[in-house]
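Taking it in order: structure first as structure tokens, then the write-up.
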Amino acid sequence: LKSRHYSVEFFLNSKNDSDIIKFLYNLLQKAKLKPYLYKDKRFNSIRIRIYSIEFYNFVMKFNNIFPNSKFSKLYFSKGLG
């Protein structure tokens with residue numbers, strides 16, 4: 001499977017989390033992960049999506065090592081287009 005078929009998504013509040021959005025977006029860019037921003041005005045949310053099988057596997061591995069951490073409670077999605 002190609003790496004574009006695996007995505008990790010972060011959903012943030014566009015009004016309350018603007019500093020987190022900027023920080024996360026810049027951090028992901030520095031890691032050369034090519035983050036994409038999607039705005040949803042219906043829910044005042046911003047979705048940051050990364051298409052990367054390596055990052056997806058990293059997140060899943062972290063989630064399995066630390067299953068009860070706050071980080072692991074975030075929702076990550078995988079698409080198999």
Side-chain angles (χ1 to χ4, degrees):
L1 295 173
K2 295 181 181 178
S3 64
R4 67 178 179 179
H5 294 143
Y6 289 84
S7 66
V8 176
E9 297 180 323
F10 299 89
F11 292 86
L12 300 158
N13 183 291
S14 59
K15 293 181 181 179
N16 299 333
D17 298 330
S18 61
D19 54 340
I20 296 171
I21 293 166
K22 290 176 189 174
F23 174 80
L24 183 58
Y25 184 81
N26 289 333
L27 182 67
L28 293 169
Q29 277 190 319
K30 287 180 183 179
K32 299 181 181 177
L33 290 171
K34 297 181 183 178
Y36 296 92
L37 289 178
Y38 301 94
K39 294 181 182 181
D40 189 345
K41 293 181 181 179
R42 297 174 298 164
F43 303 108
N44 291 327
S45 68
I46 298 280
R47 177 175 49 171
I48 301 175
R49 180 183 287 170
I50 302 96
Y51 294 102
S52 169
I53 193 169
E54 292 86 7
F55 189 62
Y56 173 83
N57 288 333
F58 167 77
V59 169
M60 299 285 58
K61 186 176 181 179
F62 184 90
N63 193 34
N64 289 334
I65 294 171
F66 303 103
N68 296 321
S69 72
K70 289 181 182 180
F71 184 78
S72 70
K73 293 180 182 170
L74 295 173
Y75 292 100
F76 301 99
S77 65
K78 172 177 80 168
L80 299 175

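- Taking CD1 of Ile46 as the reference point, atom CZ of Phe11 lies at 11.5 Å (rounded to 0.5 Å).
- Shortest non-hydrogen contact noted between Ser52 and Leu33 is OG-CD2, 4.0 Å.
- Hydrophobic clustering (side-chain heavy atoms under 4.5 Å, transitive across Ile, Leu, Val, Met, Phe, Trp, Tyr) groups Leu37 together with Val8.
- What you find for Ser14 and Ser45 is that their closest heavy atoms are OG-N, 3.8 Å.
- Rounded to the nearest 0.5 Å, atoms OH (Tyr6) and CG (Asn57) are 7.5 Å apart.
- How far CD1 of Ile48 is from OH of Tyr38: 11.5 Å, rounded to the nearest 0.5 Å.
- Each side chain to side chain donor-acceptor pair (under 3.5 Å) pair with one or both residues in residues 19-33, not counting sequence neighbours, appears once here: Tyr25-Gln29.
- Every residue two or more places apart in sequence or in another chain that forms a side-chain contact (heavy atoms from CB on, under 4.5 Å) with Ile20 is listed here: Leu12, Asp17.
- Listed by chain and number, the residues in a side-chain contact (heavy atoms from CB on, under 4.5 Å) with Lys15 are Asn13, Asn44 (sequence neighbours excluded).
- Phe58 and Phe10 fall within a single hydrophobic cluster, where Ile, Leu, Val, Met, Phe, Trp and Tyr side chains are chained together by heavy-atom contacts under 4.5 Å.
- Residue Phe55 is not grouped with residue Phe23 when hydrophobic side chains (ILVMFWY) are merged at heavy-atom distances under 4.5 angstrom, including chains of intermediate members.
- Rounding to the nearest 0.5 Å gives a distance of 3.5 Å between CZ of Arg49 and OH of Tyr51.
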